[in-house]
Trainee: 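My structure is below; once you've seen it, I'll send some questions.
Both counts, for ligands and for their atoms, begin at 1 and track the order of listing. All values below come from the heavy atoms of this structure, side chains included, with hydrogens, waters and symmetry mates left out. What you see is a predicted model; the values in this text were computed from it and never measured.
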Amino acid sequence: MAFINQDFRFKKAPDKHPRLRWLLFAGGCAVIGLVIASTSTNNSTDIAIADELNPKQNNTDITPVFTETELSPHTAVRLSFELTLPELQAQQKIIDDINNDAPKQWREFKVKSGDSLSKLFDRAGIKAQQLDEMMKSGKAVKQLTRIYPDDTLRILIDNDKNLLGLRYEIDHKTYLMVERKDGALVADTFSHDIETRSAHASGVIDSSLFLAAQDAGISQNLIMELAGIFGWDIDFVLDIRKGDKFTVLYEEIFRNGEKIKDGNILTATFSNQGKTYQAVRYTNPETKRSEYFTPDGKSMRKAFLRSPVNFARISSGFTTRRYHPILHKFRSHKGVDYAAKRGTPVVASGDGKVIFKGTKGGYGRAVIIQHGTKYNTLYGHLNGYHRKLRVGTRVKQGQVIAYLGSSGLATGPHLHYEFRVNGVHRNPLTVKLPVSTPVPKQYQADFEQKTTPILAQLERLTRTQVALNN
Ligand SMILES: [Zn+2]
């Protein structure tokens with residue numbers, strides 16, 4: 001989270017190492033595919049077969065820089081866009097100058113875990129009865145009963161330790177202000193003037209999407225969102241080529257006339273190795289859910305089949321602890337076993353890209369497929385692979401990738417199937433699978449009416465970009 005916040009702070013106070021940070025970021029992205037394939041949340045006492053994939057491999061050197069949660073483009077991030085202390089000080093100086101008052105200093109107090117307002121006031125050196133006085137200063141002050149660790153309170157006190165003011169940013173839209181007016185404390189909440197404007201950016205890739213995005217002035221947040229939208233079709237680590245290009249139309253959120261963050265991507269186009277993909281955001285009027293669709297209303301997301309093999313029976317389910325028939329030990333089983341005749345075709349459960357093909361410890365012959373940025377599936381104990389399957393091959397849902405067998409630690413022919421979300425094993429039989437539903441028929445007209453002007457704007461921008469590059 002701190003990583004994202006830094007991006008916004010960067011706009012106010014120039015960062016000394018922006019390039020370094022970008023390199024870290026690009027590096028983090030480059031390894032993310034591998035991280036997803038190898039991350040497991042098993043605890044150490046309960047060793048899953050999955051752990052044999054990457055024994056003792058530890059990704060702690062990566063996660064602090066770029067965690068899985070930050071990968072998800074729709075993660076709700078608690079952003080704080082409060083005035084910086086120097087800004088508040090400067091404001092106070094103007095007020096003091098106007099009133100011909102002695103200069104006063106705002107001080108900043110961070111809420112620690114286990115803190116209470118009285119502890120905090122104690123730290124600030126404010127007399128206890130002034131806390132009582134403040135709590136009676138108006139309804140708005142109730143906001144202070146819901147403060148959390150890491151929240152910041154700004155406090156203004158005079159030389160006699162009298163509370164003169166308190167400011168607390170409730171969210172990026174509103175703040176609480178307690179002020180001493182004519183001797184009495186008065187509390188009120190104020191709203192910032194929030195405005196959404198549209199913006200656009202285009203880029204041509206020279207070496208990496210991330211550098212191109214930086215050149216185009218796009219924030220890291222936005223570029224991750226862009227990668228999330230097209231991630232079902234394009235692998236942003238391996239598929240990107242020099243000359244690939246993109247145009248994105250997005251929202252910018254302004255507070256009191258100053259840009260504070262990017263909003264949603266409205267529409268975007270991405271040309272990868274000569275193939276152009278287009279996405280447009282649409283909010284379902286009934287569910288109020290926003291998703292990205294192709295201009296003809298198909299979902300950008302791709303769904304999954306529940307089972308990657310037909311004509312099989314489940315011989316072992318997903319469990320965190322079971323007796324292993326060969327190793328004679330208790331182990332967790334983080335997948336589902338499908339028993340069937342040797343040689344039964346195994347299909348890709350969803351559209352994606354082969355990121356691993358080969359022998360992996362207890363798994364025997366295995367295939368791992370990456371689906372979008374969040375999901376991957378593993379197929380183990382295979383007898384053999386489809387003859388055309390290579391690492392990097394794009395596969396369609398239902399396409400035969402391999403044949404069922406008993407390679408590795410297996411008692412008899414069966415497929416061991418794993419489903420991972422952000423690197424975490426999930427039960428493939430019960431996991432909530434992402435849906436890939438097109439725009440519902442009854443909203444087709446609404447979809448067209450709402451997206452046509454946005455798409456037309458995107459097309460104009462793309463044409464301008466082509467003209468500029470020629
Ligand atoms: Zn298994």
Trainee: Cationic tip of R301 within the cone over Y292's six-membered ring, i.e. under 6.0 Å and within 45° of the normal?
Mentor: no

Trainee: Can you name the N, O or S atom of H416 that is closest to the Zn ion (ligand 1)?
Mentor: ND1

Trainee: Find, among atoms of D337 that are N, O or S, the one nearest to the Zn ion (ligand 1), and state its name.
Mentor: OD1

Trainee: Suppose we only count N/O/S atoms under 2.8 Å; would H381 qualify as near the Zn ion (ligand 1)?
Mentor: no

Trainee: Just one of R167, R123, R154 clears the salt bridge (Lys or Arg N to Asp or Glu O under 4.0 Å) bar with E108, so which one?
Mentor: R154

Trainee: Restricting to N, O or S, what is the name of the atom of H333 that lies nearest the Zn ion (ligand 1)?
Mentor: NE2

Trainee: Please report whether the ring centroid of Y379 lies less than 6.0 Å from that of Y417.
Mentor: yes

Trainee: Working to the nearest 0.5 Å, report the span between OG of S407 and NE2 of H416.
Mentor: 11.5 Å

